[in-house]
There are 2 protein chains.
Amino acid sequence: MRSTGPRSTLADVAARAGVSKSLVSLVMRNEPGASAETRRRVLDAADELGYHPDRGARLLRSGRSRLLGVVFGIQHAFHADLVTALYTAARETGYELALSAVTPDRDETEATAGLLQDRCEALILLGPQTPTASLARLATRLPVVVLARGVRGAAVDVVHTADADGLHQAVDHLVQLGHRSIAHIDGGHAPGAAQRRRGYRDAMCRHALDRHTRIIRGGLTEEDGAAAARALLADPPTAVTVFNDRCATGVLDVLAHHGLKVPDDVSVVGYDDSRLARLAHVNLTTIAQDTATMTRLAVARAIDRVEGSTITHRDVVPPHLVVRSTTGPPTSP
Amino acid sequence: MRSTGPRSTLADVAARAGVSKSLVSLVMRNEPGASAETRRRVLDAADELGYHPDRGARLLRSGRSRLLGVVFGIQHAFHADLVTALYTAARETGYELALSAVTPDRDETEATAGLLQDRCEALILLGPQTPTASLARLATRLPVVVLARGVRGAAVDVVHTADADGLHQAVDHLVQLGHRSIAHIDGGHAPGAAQRRRGYRDAMCRHALDRHTRIIRGGLTEEDGAAAARALLADPPTAVTVFNDRCATGVLDVLAHHGLKVPDDVSVVGYDDSRLARLAHVNLTTIAQDTATMTRLAVARAIDRVEGSTITHRDVVPPHLVVRSTTGPPTSP
DNA sequence: ATGAAAGCGCTAACAA
DNA sequence: TTGTTAGCGCTTTCAT
């Protein structure tokens, strides 16, 4: 019983409400210029007909899609947080989001191409792996905002976290608790990993803990964290800062399996404050990226560009420490 | 430098090639009806102008978007797997996917409305919570396929897993290993939870293990699993089947923290075979949903409907057991 | 094989 | 405040 009846149009709504198309157009766009009474009648008629404006026709006529393209990695928990915040940030701007996912079978180029076809007016790229040169080329075609990755050299707007600062805070916190033997499990070549590594090293230096500096090769996944933790088992530090929450989860897991108590035997600090960290049974001390601010900025930068700005911005948003239950004073000598 | 050059149109190409717009239209769509000579001239002109047809205008005129809308929950790991597979399934069909995410701030209604504006020709809903009545109403507007949830009563196509069968396999596996004391941590009101509960109960019955039947209230998250595991600690069974992998992860975590060895003290079986389960340090025995088949079916059903089919399908895809390292023979008496 | 003309559903400029 | 008109870039008759 299929009643895929012909979709109702502006004209149908106009006829039903007994007004002109222009008036319906105004009302649907929330523009001023229609009486309250008319507005109500139009809205009712639209509702009864299940009317939804045709974005294609709208774009054709106005030459504007009012669409912001978002490229994100569908497996990344942190990207999920960012997309969630992006929807919120875009809500009151008059622009909508068009999502395009990167999957194991679908690379960034493909994801981007799809959005270009949809006539997005600007692109927001989450932690893109695309080389700077390609980014620059893309930016000649439309405004591009890179979010959560501190790329350099391309004429694109960038919004990212002060990653080194994040690790300063992590190390300061641990030192304040009395730790000296603090290791860092890094993120390899992942976006931000180099800065976090540097932040760790600098902070250790600042506390005159140079000789305790110890960097273990990690990665972005639970598995990478697990492997790194096993490497640490022979001679465990009293505390460890980890590249991100996912990786830290792997660390916690291996520690638990080997009978090491957290935080009594080893304190652990993650990074991202992803949903993962907030789970009651994980309850991970971590460095929170300010996703609300970052996404608000990203959307604002994109819209600025769409509306003609030619200024290239680079916004570095400070992170902050969230103390939960995986850090405490060292109990061993 | 932004090259905001005005996009060239069909008319531009026609003028340059010295032919009519109709001819250019034919050539661009590779339709017969133009001489080889004309074809070449048109193609050359188009190339010189860097012309690309406007998808919006094309769809406006022809009334087709060739777009399949997908509504998914951005924080559901399993939905990420499904979306990944959907992209693959749609690849060779001539249809494209339009994604719309459900977030804590953006409900299914809103997500759906966005896709309606994009003029998607059909909708694929992943594990929708929308009540049956609303689903039915939506289905009068356009073809709707519900994926990964066995809704009943609405005139929509449904593709889901034989959930009860999955738990039969899990219990059979455990019984074969020698377990008798097998508990089930359920999913509460989550989609599929009732069927999995029933599958567990039936299988226990079939093995004459009725008096060992023991159902603990769980949920979909790690946290739910952790809570359920704690409830089990006082009198642990030798094996437990869990609603899904996420929840199972919480179970594993609590068991490890309390010194119970898996699988020596307790065997654990998850559900979904999500990326989580495949991680080397988790390596969870689980019931795999056949995402490739499910998504291929979902896309096929959607396209069938778009192309005029009026048959309502209900596809129930069998799951299969994946044995990894969280199950083994019981060691305690 | 080619072209002229009529819209698709909408918005913007202008009239009333 | 409201209605009228003229297209946006394209496909689709229907002529030629």
Side-chain angles (χ1 to χ4, degrees), chain A residues 4-43 45-46 49-67 94-96 116-119 121, chain B residues 4-43 45-46 49-67 94 115-121 141-142:
Chain A
T4 301
R7 237 187 256 283
S8 40
T9 76
L10 203 64
D12 299 330
V13 179
R16 176 140 194 159
V19 296
S20 73
K21 294 196 310 176
S22 330
L23 242 5
V24 179
S25 179
L26 285 184
V27 172
M28 293 314 295
R29 281 175 295 143
N30 260 313
E31 294 274 312
S35 69
E37 162 63 12
T38 303
R39 200 167 285 273
R40 201 191 49 69
R41 283 234 308 281
V42 168
L43 255 17
L49 293 172
Y51 169 74
H52 289 272
D54 181 324
R55 203 180 267 144
R58 187 177 265 184
L59 153 61
L60 181 57
R61 174 63 239 218
S62 65
R64 311 235 3 215
S65 68
R66 298 195 155 271
L67 236 38
Y95 286 77
E96 306 233 321
L116 290 178
Q117 285 241 313
D118 291 341
R119 294 283 185 273
E121 299 188 35
Chain B
T4 305
R7 305 171 49 78
S8 43
T9 76
L10 204 63
D12 299 331
V13 178
R16 175 141 193 156
V19 296
S20 71
K21 294 196 307 176
S22 326
L23 241 6
V24 178
S25 178
L26 285 184
V27 172
M28 293 315 294
R29 282 175 295 142
N30 261 313
E31 295 274 311
S35 69
E37 163 61 11
T38 302
R39 199 168 286 273
R40 200 188 51 69
R41 282 233 310 280
V42 167
L43 255 17
L49 293 172
Y51 169 75
H52 288 281
D54 181 319
R55 201 154 147 267
R58 183 176 268 183
L59 105 80
L60 178 56
R61 177 61 237 220
S62 62
R64 308 230 17 208
S65 68
R66 297 198 155 267
L67 236 39
L115 294 176
L116 256 21
Q117 292 215 328
D118 289 339
R119 287 299 182 262
C120 289
E121 299 188 35
R141 209 120 272 151
L142 81 176

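Rounded to whole Å, atom P of dG9(D) lies 14 Å from atom CG of Leu49(B). Rounded to a whole Å, the CZ atom of Arg58(A) is 20 Å from the C1' atom of dC10(D). Per the geometry, CG belonging to Asp54(B) stands 15 Å off C1' belonging to dG7(D), to the nearest Å. Atom P of nucleotide dT11(C) and atom CZ of Arg66(A) are separated by 11 Å, given to the nearest angstrom. Atom pair Arg64(A):CZ and dG9(C):P shows a separation of 24 Å (rounding to whole Å applied). Put simply, NE2 on His52(A) is 16 Å from C1' on dC10(C), counting in whole angstrom units. Spacing between atom CG of Leu26(A) and atom P of dT2(D) amounts to 10 Å, rounded to whole angstrom units. Between Asp12(B) atom CG and dC8(D) atom C1' there is a gap of 13 Å when expressed in whole angstrom units.
At dT12(D), one or more side-chain N or O atoms of Arg29(B) fall inside 4.0 Å of OP1 or OP2 (strictly under the cut-off). In this structure, Arg61(B) does not reach the dT12(D) phosphate: none of its side-chain N or O atoms is under 4.0 Å from OP1 or OP2. Considering only side-chain N and O atoms, Ser25(B) lies under 4.0 angstrom from the phosphate OP1 or OP2 of dT11(D).
Here the side chain of Lys21(B) is nearest to one of dC8(D), dG3(C), dC10(D), namely dC10(D). For Ser20(A), counting side-chain heavy atoms from C-beta on, the closest listed nucleotide (dT4(D), dC10(C), dT2(C)) is dT4(D). The side chain of Thr9(B) lies closest to dG9(D) when the candidates are dG3(D), dG9(D), dT12(D). Comparing dC8(C), dC10(C), dT2(C) against the side chain of Pro53(A) picks out dC10(C) as the nearest. Closest to the Ser22(B) side chain, of the nucleotides dA6(D), dT11(D), dG3(C), is dG3(C).
Comparing Pro32(B) and Ala57(A), the nucleotide of DNA chain C nearest to each residue sits closer to the 5' end for Pro32(B).
At a threshold of 4.0 Å, the pair Asp12(B)-Arg7(B) does not count as salt-bridged, since none of the basic side-chain nitrogens sits closer than that to a carboxylate oxygen.
Here the side chains of Arg39(A) and Leu26(A) are not in contact, with every heavy-atom distance at 4.5 Å or above. Residues Leu116(A) and His52(B) are not in side-chain contact: their nearest non-hydrogen atoms beyond the backbone lie 4.5 Å or more apart.
A donor-acceptor pair under 3.5 Å links the side-chain atoms of Arg29(B) to the main chain of Ser25(B), judged by distance alone. For the pair Ser62(B) (side chain) and Arg58(B) (backbone), a donor-acceptor distance under 3.5 Å is present. Here the side chain of Glu121(B) pairs no donor or acceptor atom with the backbone of Arg64(B) at under 3.5 angstrom.
The bend of the helix from dA1(C)-dT16(D) to dA16(C)-dT1(D), defined by the angle between the axes of its first five and last five pairs, stands at 40° to the nearest 10°.
Here Leu49(A) contributes atom CG and Thr9(A) contributes atom OG1; the two are 9.0 Å apart, rounded to the nearest 0.5 Å. Taking CG from Asp54(A) and CZ from Arg119(B), the interatomic distance works out to 4.0 Å, rounded to the nearest 0.5 Å.
Taking only distance into account, the side chain of Thr38(B) never meets the base of dA1(C) through a donor-acceptor pair shorter than 3.5 Å. Judged by distance alone, with hydrogens and angles left aside, Ser35(B) brings no side-chain donor or acceptor close enough to the base of dT2(C) to form a pair under 3.5 Å.
No engagement by Gly63(A) is indicated, since no non-hydrogen atom pair under 4.0 Å with the nucleic acid exists.
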